[in-house]
Amino acid sequence: MNRELLKNRKYVYLLSAQTVSNLGDWLNIVALMALIGLKWHASPLAVSAAVLCLAVPSIVFGSFAGTIADRFDRKFLMIMADVLRAVVVIGVVFSTQLWQVYLLLCIKSVFSALFEPAKEGKLKEIVKDDLMQPAVATSELVNNGAKIVGPILSGIFVAAVGIQWSFYLDSLSFLLSAFLLIGVPRTTRTTPDMAEHDGNKLGFFKQFTEGFVFLKAMPSLLMGLVVFSLVILTLQISDSQIIILLREIPENPIDILGYSMAASGAGMVIAAILFNKKEIRHFMKVLSWSGIFLGVAFILMGLLIHLPVLWVTILFPVLAFVMGFSFDMALIPFNVMVQKRTPEKMTGRVFGTISSVVTLASVIGMLAGGFISEFLGVIWTFVLGGSVLAVVGVIVYIIRSRFEGGKQYAEGQPGAHRKAEI
C-alpha cells in the first residue's frame, strides 16, 4: 500500500470499514445460499430469484441514491446504511417463508445502493488526485482479497457455528464497519453545490438526471462505461454458464471449477498490485486491451473444452487468471478515470448512474447466458460472447485517440468543460 495513503488516517478508516463489510458480505452470500438451497431445498429458479433480489433494486435505485449522496452528509449515510443492513440481515434469521427473505434482500440491496455512491464520494473528498489511482487499486485489492478469503472463512463458519450464527456474524460486521466510519470526517462543501444554479435550487428530479447528462457530455467516461458494462455482461455470462460448460467434461468438473475460481481471484489481486505501483497514462488504451484479452480468453474456453481432461485442468485456470487480470484492467482504470474527471460535488450522482447501468448489464448477462446456451449450446455462448467483447476492444483501441485528448472536468454544470494535459 502507498505510504502516503497510510499516513491518511481518514482513508485508512474508510478502507478498514470496507474490508470488514466485504468479508461480511461474502459470509452472508454463502449462508444465504446454504439457507435457501440446502436447508429449505429451494428450486434453481428460486435461488436465481434471490440473486436478482440483490441486483434489481440497485438498477432502479442507483441514480436516486447517488442524488441523495450528493445532497446529504456522506458519512451519516454510510453509517445509517450499515446499521440498517445489520438489522435487515438479522431479519433473515427469523424469516419463515421465502417471500420474506426476498423482501429483506431487496431492502438490503437498496441500502447497499445508497452506501456505494456515498463511499465513492467520500473517497473523492479525502484522497488527492495524485493518489487516486493507488487508492482505487488498494480498494480493489481488498475487494479481491475478500473474494478469496471470504468464501473460505464463510464455509468454515457455516460448518462450525451453523447458518443462523453466520447471519449474526454478518450483522456484526456491518455494525463494526459503522463504528470504523466514525473516524471518517463529515462532508464539508467549500464550493457551491451543483444543486444550485443561477441562484436557484434545482429540483430533485433535475439533480436525479444530472448523472446521465454529465456522462453524456464526457465522451471518455461514456465510452469507458460502455466497455466496462460489456466486460461485466460477458463475465456474468461466464459466471452463470461455467458449470454448464464444465459438464462437457466427463470427470473432475468441480475440481477444475475450484482451481479456476482461485486463479481468477489471483489474477485480480496481481492486477490490483500492479496498478497500485504503475501509473495509468492512457485509460482507453488499457480498457481496450482488457476487452481484447478477456474476449480471447472466453473464446478459448469454449473451443478447448473437449481437449483431454489433463489439458483442460491446466489451461482453464490459466485462462481464468487472464480473465481475472483483464477484469481489473477494466475496473481499476475506469474507476480512476471517473474519480479524476468528476467534480467532488457530483460523484454521488455519477457513480449512482454508473451503478445502475453496470448492474443492469450484469442482470442482462445472467439472463442472456441462459437463453443463448439453451438455443445455441454453451460452447457457442462462450465463443459469441468473447468474440463480441474482443471486437469492441479492437474498435475502441482504433478510435481511442478521440477520447484521450485530455483530462476533462465539468465546471458549474454538466456539459461545460475545461481541458488540461494528462
Side-chain angles (χ1 to χ4, degrees), residues 1 5 9-33 53-55 57-58 61-62 65-66 68-69 73-93 104-127 135-154 156-158 165-185 265 268-269 272 331 335 347-348 351-352 355 358-359:
M1 182 173 171
L5 285 176
R9 295 182 61 187
K10 305 168 187 176
Y11 175 74
V12 171
Y13 276 118
L14 184 63
L15 187 68
S16 300
Q18 176 192 338
T19 303
V20 173
S21 181
N22 284 356
L23 288 173
D25 280 337
W26 279 102
L27 181 63
N28 178 65
I29 290 173
V30 173
L32 181 65
M33 294 299 104
C53 285
L54 290 171
S58 296
F61 193 69
I68 293 175
D73 177 38
R74 291 163 180 158
K75 172 182 176 178
F76 170 77
L77 292 175
M78 288 189 291
I79 292 176
M80 180 188 70
D82 270 342
V83 172
L84 292 175
R85 284 187 291 181
V87 174
V88 170
V89 168
I90 293 296
V92 175
V93 177
L104 290 170
L105 291 179
C106 288
I107 296 172
K108 180 175 180 288
S109 178
V110 168
F111 292 137
S112 296
L114 180 62
F115 183 93
E116 285 304 316
K119 184 198 76 173
E120 296 295 345
K122 183 57 66 177
L123 183 67
K124 179 76 172 181
E125 289 179 34
I126 63 180
V127 175
V136 171
T138 302
S139 178
E140 279 311 303
L141 186 59
V142 167
N143 282 336
N144 298 329
K147 291 175 184 176
I148 297 173
V149 177
I152 297 174
L153 292 179
S154 61
I156 295 172
F157 278 126
V158 170
W165 279 98
S166 297
F167 284 107
Y168 288 138
L169 288 171
D170 182 35
S171 178
L172 181 62
S173 73
F174 283 120
L175 294 177
L176 180 55
S177 173
F179 177 76
L180 289 169
L181 287 170
I182 294 175
V184 176
M268 289 188 284
V269 168
L331 175 62
N335 206 341
T347 49
F351 274 100
S355 176
V358 169
T359 307

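Values reported hereafter were calculated over all heavy atoms of this structure, with side chains retained and with hydrogens, waters and symmetry mates removed.
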Between Ser112 (side chain only) and Lys108 (backbone N and O only), is there a donor and an acceptor less than 3.5 Å apart? yes

Is there a donor-acceptor pair closer than 3.5 Å between any side-chain N or O of Ser355 and the backbone N or O of Phe351? no

Would you check if Ile79 and Lys75 make a side-chain contact, meaning some heavy-atom pair closer than 4.5 Å? yes

CA sep, side-chain torsions, deciding dist, call: Val83, Phe174, side chain to side chain contact (heavy atoms under 4.5 Å, CB included): CA-CA 6 Å; Val83 172; Phe174 283 120; over 6 Å; no

Of all residues at least two apart in sequence or in a different chain, which pass the side-chain hydrogen bond (donor to acceptor under 3.5 Å, both in side chains) check with Ser21? none

Rounded to the nearest 0.5 Å, how far does OG of Ser171 lie from CG of Asp82? 10.5 Å

Applying ring-ring contact (aromatic ring centres under 6.0 Å, His included) to Phe179 and not counting sequence neighbours gives none

Answer yes or no: is there a side-chain heavy-atom contact under 4.5 Å between Ile90 and Tyr168? yes

Identify the two heavy atoms, one from Arg74 and one from Gly121, that lie closest to each other, and give their separation to 0.1 Å. NH1-O, 3.4 Å

To the nearest 0.5 Å, what is the distance between CG (Leu54) and OG1 (Thr359)? 11.0 Å

Please walk me through it: do Met78 and Leu14 pass side chain to side chain contact (heavy atoms under 4.5 Å, CB included)? CA-CA 10 Å; Met78 288 189 291; Leu14 184 63; 4.1 Å; yes

Shortest non-hydrogen pair, Pro117 vs Ala113, comes out as CD-O, 2.8 Å

Quick note, salt bridge (Lys or Arg N to Asp or Glu O under 4.0 Å) partners involving residues 166-175, not counting sequence neighbours, are none

Which heavy-atom pair separates Val127 from Ala135 by the least distance, and what is that distance? CG1-CB, 3.9 Å

Close side-chain approach of Tyr11 to Leu123, heavy-atom, < 4.5 Å: yes

Indicate yes or no: at least one non-hydrogen side-chain atom of Lys122 is less than 4.5 angstrom from one of Leu181. no

Sub-3.5 Å donor-acceptor pair from the side chain of Ser109 to the main-chain atoms of Leu105, do we have one? no

Any side-chain heavy-atom pair from Asn335 and Glu120 closer than 4.5 angstrom? yes

